[in-house]
Amino acid sequence: MQRHQLEHIIRAASGITGAAEFVIVGSQAILGQFANAPAELLTSIEADVFPLRSPAESDLIDGSIGEGSPFHMTFGYYAHGIGPDTAILPNGWRERLIPIRNENTGGGVGLCLEVHDLAVSKLVAGREKDLAYVASLLRYRLAESTIIQARLECTVLSEQTRKLCEARLQRLLASG
């Protein structure tokens, strides 16, 4: 997904729900901070979003411009309406959101996770594709391991999950 495609999703979600602000939490949140991010970080055709004013409207987004919708079939990308608890994020993440607001968003605003908060959510999820994503963030120097570590420390996690995430980060650094 390219930046202009994410802007299209923001515009469409705004038109469908009437909401103005949408939080972007998945891998495409990188486009808020790095509009021209490396191609390997932009392979997903979905944007994980929820309306800030009423996360319950995520179902409306999913049904209208989600996977398998006419929007998806027409444009080749789609929005995945999610809940605010889908991603586990560090304390203070809302204060670090990066806005996407321009003529292409049609009055809507995409509030994208800051790159280190995004990295933490990927480490917690821990799927192979998530860890590969974090490895790419580190390899391209879009994220700093010390900041990721600090954000992990201020994320509400069980001690077992925290240690697992720290070990995942250390493995990525060792293999990088």
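These numbers were taken from a predicted model, which means no experiment stands behind them.
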Notebook entry, point to check: Are side-chain heavy atoms of R3 and I100 found at a separation under 4.5 Å?
Noted result: yes
A87 and S121 have their tightest heavy-atom pair at CB-CB, 4.2 Å
Applying side-chain hydrogen bond (donor to acceptor under 3.5 Å, both in side chains) to R127 and not counting sequence neighbours gives D130
For L164, the hydrophobic cluster (side chain heavy atoms closer than 4.5 Å, chained through members) also holds none
Value for NZ (K122) from SG (C165), rounded to nearest 0.5 Å, stands at 13.5 Å
So the salt bridge (charged side-chain N to carboxylate O under 4.0 Å, His left out) pairs with at least one residue in residues 49-74 (sequence neighbours excluded) are R53-E57
Should V134 and I98 be counted in the same cluster of Ile, Leu, Val, Met, Phe, Trp and Tyr side chains packed under 4.5 Å apart?
no
In short, L41 meets S136 closest at the heavy-atom pair CD2-CB, 3.5 Å
Contacts satisfying salt bridge (charged side-chain N to carboxylate O under 4.0 Å, His left out) that involve residues 28-52 (not counting sequence neighbours) are E40-R139
According to a hydrophobic-cluster definition based on side-chain heavy atoms being under 4.5 Å apart (Ile, Leu, Val, Met, Phe, Trp, Tyr only), do L60 and L52 belong together?
yes
ask   = Any link between L89 and I82 through a network of hydrophobic side chains (Ile, Leu, Val, Met, Phe, Trp, Tyr) touching at under 4.5 Å?
value = yes
Minimal heavy-atom distance between V124 and R168, with the atoms involved, is O-NH1, 3.4 Å
In this structure, CG of L123 is separated from OG1 of T155 (nearest 0.5 Å) by 9.5 Å
Quick note, salt bridge (charged side-chain N to carboxylate O under 4.0 Å, His left out) partners involving residues 70-96, not counting sequence neighbours, are R96-D117
Value for OH (Y78) from CD (Q5), rounded to nearest 0.5 Å, stands at 13.5 Å
Value for CD (E7) from CD (Q2), rounded to nearest 0.5 Å, stands at 11.0 Å
ring-ring contact (aromatic ring centres under 6.0 Å, His included) filter on Y133, not counting sequence neighbours, yields none
Would you say that I30 contacts V115 through its side chain, given a criterion of any heavy-atom pair below 4.5 Å between the two side chains? yes
H4 meets the ring-ring contact (aromatic ring centres under 6.0 Å, His included) criterion, sequence neighbours left out, with none
Within one Ile-Leu-Val-Met-Phe-Trp-Tyr cluster: L137 and F34, side-chain cutoff 4.5 Å: yes
Worksheet item: Quick check: does any side chain N or O of T74 sit under 3.5 Å from a backbone N or O of P70, one acting as donor and the other as acceptor?
Response: yes
With sequence neighbours left out, the residues meeting side-chain hydrogen bond (donor to acceptor under 3.5 Å, both in side chains) with R11 are none
Rounding to 0.5 Å, atoms CG (L111) and CZ (F50) come to a distance of 9.0 Å
List, one per line, each side-chain donor-acceptor pair under 3.5 Å for residues 169-176, sequence neighbours excluded.
| residue | atom | partner | partner atom | Å |
| --- | --- | --- | --- | --- |
| S175 | OG | R171 | O | 3.1 |
| S175 | OG | L172 | O | 3.2 |

Please list, one pair per line, the donor and acceptor atoms closer than 3.5 Å that link side chains of residues 12-29 to other protein atoms, with sequence neighbours excluded.
| residue | atom | partner | partner atom | Å |
| --- | --- | --- | --- | --- |
| S14 | OG | A19 | O | 2.9 |
| T17 | OG1 | A13 | O | 2.8 |
| T17 | OG1 | A19 | N | 3.0 |

What one should report as the nearest heavy-atom pair of R151 and H116 is NH1-CB, 3.3 Å
Open item on the list: With a 4.5 Å cut-off on side-chain heavy atoms, are I9 and M1 touching?
Closed with: yes
Contacts of H8 meeting ring-ring contact (aromatic ring centres under 6.0 Å, His included) (sequence neighbours excluded), chain-then-number -> F71, F75, Y77
Any chain of hydrophobic side-chain contacts (each under 4.5 Å) joining I147 to L97? no
Contacts of E159 meeting side chain to side chain contact (heavy atoms under 4.5 Å, CB included) (sequence neighbours excluded), chain-then-number -> R162, K163
Determine, step by step, whether I10 and V49 satisfy the side chain to side chain contact (heavy atoms under 4.5 Å, CB included) criterion, reporting the C-alpha distance in whole Å, the side-chain angles of both residues, the deciding distance to 0.1 Å, and the verdict. CA-CA 9 Å; I10 295 164; V49 304; over 6 Å; no
CD (E153) and CD1 (I148) are apart, to the nearest 0.5 Å, by 12.5 Å
Using a 4.5 Å cut-off on heavy atoms from C-beta on, say whether the side chain of L31 contacts that of L42.
yes
